[in-house]
Structure formats: structure tokens, C-alpha cells
Amino acid sequence: MPAMTTDLMIDARNIHKSFGGLKVLQGVDLQVGRSEVVAIIGSSGSGKSTLLRCLNNLETIDAGSLAIEGAYLCQNNAQGKSQYVTERQIKAICARMGMVFQQFNLFPHMTVLQNVIEAPLTVKKVKRETIEPVAQALLAKVGLESKQNYYPSQLSGGQKQRVAIARALAMQPQIMLFDEPTSALDPELTGEVLKTMQQLAEDKMTMVVVTHEMGFAREVADRVLFMDKGVIVESAEARRFFESPQHDRTRAFLSSMLK
Ligand SMILES: Nc1ncnc2c1ncn2[C@@H]1O[C@H](COP(=O)(O)OP(=O)(O)OP(=O)(O)O)[C@@H](O)[C@H]1O
Ligand SMILES: [Mg+2]
């Protein structure tokens, strides 16, 4: 694959995705620039998780095109159906993205350190002596250097989620996708995770964050998107999004969030 020089990190065009007869994404466009932080908000079932999952190939799309840092994952063929590149190319492209889920998904039988080094060891074949100090530095960065020998069951939800972030970062992604990373946490634990994400944004990571945290969307995101029924209804610079939403559906959603 040729090296690409583009600052367009994610370029999704007119993507469509159905599950059986249910149209979940109905012509979504998403462009994300290098170091940009985009927050996606919207009601339950609007297709937010599906969109993120399509971006890193946890789901395939039916129609439209997806490019990551200039490399196409898929493009429409003559019949208007998405045609994917080879499995090998897909793997290489998706390795540029890390994802953090609502439910942490840590390996319960592995220590914190083992969780963080597992994918670099097995997927990237990095040597243990090379990755261990990197993992320890990442754990320090998320404030968990003293927990490296703990098991996930011995951690709080917020700590688990910070391990999940360190684990994703250990693969050295160019882009981080977050799917409601704080929704499973008690309110007093969301702050530490959001702070870690804010630091990541300050380090110029490109981020797409599905969230219900309006404070985070307003303060940390550059741009906010509102999704409803499989389409992006509104997309605006964060401050403008909250100060003067243009669409009735956005206004209705924002007022429902404030209740
Ligand atoms: N694997 C699947 N098979 C069938 N239907 C699915 C699948 N994944 C999602 N859906 C459906 O697609 C729709 C959109 O789901 P999605 O998870 O993308 O919504 P969401 O915006 O993330 O919602 P939430 O805020 O509740 O997480 C829902 O109606 C859901 O039931
Ligand atoms: Mg979801």
C-alpha cells in the first residue's frame, strides 16, 4: 500500500447500512481532519455505534465509500454496492484505529500490564522487552502505573476504562474511536476518564467520540454531530452547535438532555 499524505483522516461518503430490513445508516457523510475531535450525539437507536463500528470494519457497509488516511476500505462498484479491498489491506488500514467501548472489554484473566501488551505482542509481534516500558509509560499517562499487576476485577470502572484506553494506545493508532466510554460508569468516575480523553485531545490525537457527556462535547470537541434515524442532522463547531442549533430535532434532543 502506498504511503498516503493527507490530513483527511476519515472520509466516509454516503454510507448506507441495513440490518435485515432495518435501515440503520441512510446516507451518512463524515469527514474528520488530523487532530480533530468530533463528538457524535443522538438518541438511542439513531445509529451512532453502528457508524463507529463501520469505520473500523466491525460491521461492513452496504453502499458508499470509506477511506482512512487516504486509503480506501471500500468504494461503490458499478451496481452501487460497497466493494471492499482485500482482507490483508483492511487489517492494515484498521490498525490505524483504536477503539474504546462502553463495557471496557478487558481480558479478565490477565493483569493490567498483560492486557496492554497483549495485542502488540501477538498482532504486531513486538518484543516483550520493547513493549513493556511503552506499556508502563502509557499506564503512567492514564494514572495507573501502580496498578500494572492488578487484575481487572480489582479495579474501579473508571480505572478499567483507563486501562482500555492505554491498551488501545499501545497499538499506536492514528485515530481513536470511543463509543460512550463513560456510560457504564458511576458519575463520580466519569471525570477521570474524560480527563484522560481530554489529555489525548491535547496531544493532538484524532478522535471520534460517541457520548452523552454534553460538557465534554462542548469543551473538548472541535465539532459536534447530531444523528437521528440514521442520518447526520446537524454538524457544527462545538460552541455554535450548543449556542445556536439550527434544526428542530437538534433543539428537541438538547432540551431532553437538560431535563
Ligand atoms: N448487529 C445488529 N443486528 C441487528 N440490528 C442491529 C445490530 N446492531 C444494531 N442494530 C440496530 O440498529 C439500530 C441502531 O443501533 P445503534 O447501536 O447503532 O444505535 P445507537 O445510536 O448506538 O444507540 P444507543 O445510544 O442506544 O447506543 C438499532 O435499532 C439496533 O437495534
Ligand atoms: Mg450505541
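Every number for a ligand or one of its atoms is a count from 1 in the order of the listing.
- In terms of polar-atom proximity, Gly45 is counted as a contact of ligand 1, with an N or O under 3.5 Å from an N or O of the ligand.
- Distances from atom 15 (O) of ligand 1 to the heavy atoms of Leu58, Val210, Thr50, Leu51 show the closest one on Thr50.
- For Glu180, every heavy-atom contact with ligand 1 shorter than 4.0 Å involves the side chain, none the backbone.
- Residue Thr50 does not count as close to the Mg ion (ligand 2), with no N, O or S atom under 2.8 Å.
- Closest heavy-atom contact between Glu59 and Tyr84: O-OH, 4.3 Å.
- At a distance under 4.0 Å, a protein heavy atom can be found next to atom 9 (C) of ligand 1.
- In this structure, atom 31 (O) of ligand 1 has its sub-4.0 angstrom surroundings free of protein heavy atoms.
- Asp62 has no carboxylate O lying under 4.0 Å from a charged side-chain N of Lys23, or vice versa, which leaves the two without a salt bridge.
- Hydrophobic clustering (side-chain heavy atoms under 4.5 Å, transitive across Ile, Leu, Val, Met, Phe, Trp, Tyr) keeps Val209 apart from Phe242.
- Looking at Ile165, Val220, Val100 one by one, the single match for side-chain contact (heavy atoms from CB on, under 4.5 Å) with Met197 turns out to be Ile165.
- Interface of Ser46 with ligand 1, defined as ligand atoms under 4.0 Å from a residue heavy atom, comprises 19 (O), 21 (O).
- Ion pairing between a basic and an acidic side chain is recognised when a charged N comes within 4.0 Å of a carboxylate O; Glu69 and Arg34 show such pairing.
- Proximity of Val24 to ligand 1, defined as any heavy-atom pair under 4.0 Å, is confined to the side chain (atoms from C-beta onward).
- Which parts of ligand 1 touch Ser43 is read off a 4.0 Å heavy-atom cut-off, strictly below it: atoms 21 (O).
- Listed by atom number, the atoms of ligand 1 under 4.0 Å from Gly47 heavy atoms are 14 (C), 18 (O), 19 (O), 20 (P), 21 (O).
- Contacts with ligand 1 closer than 4.0 Å are made by side-chain heavy atoms of Leu22 only, the backbone lying farther away.
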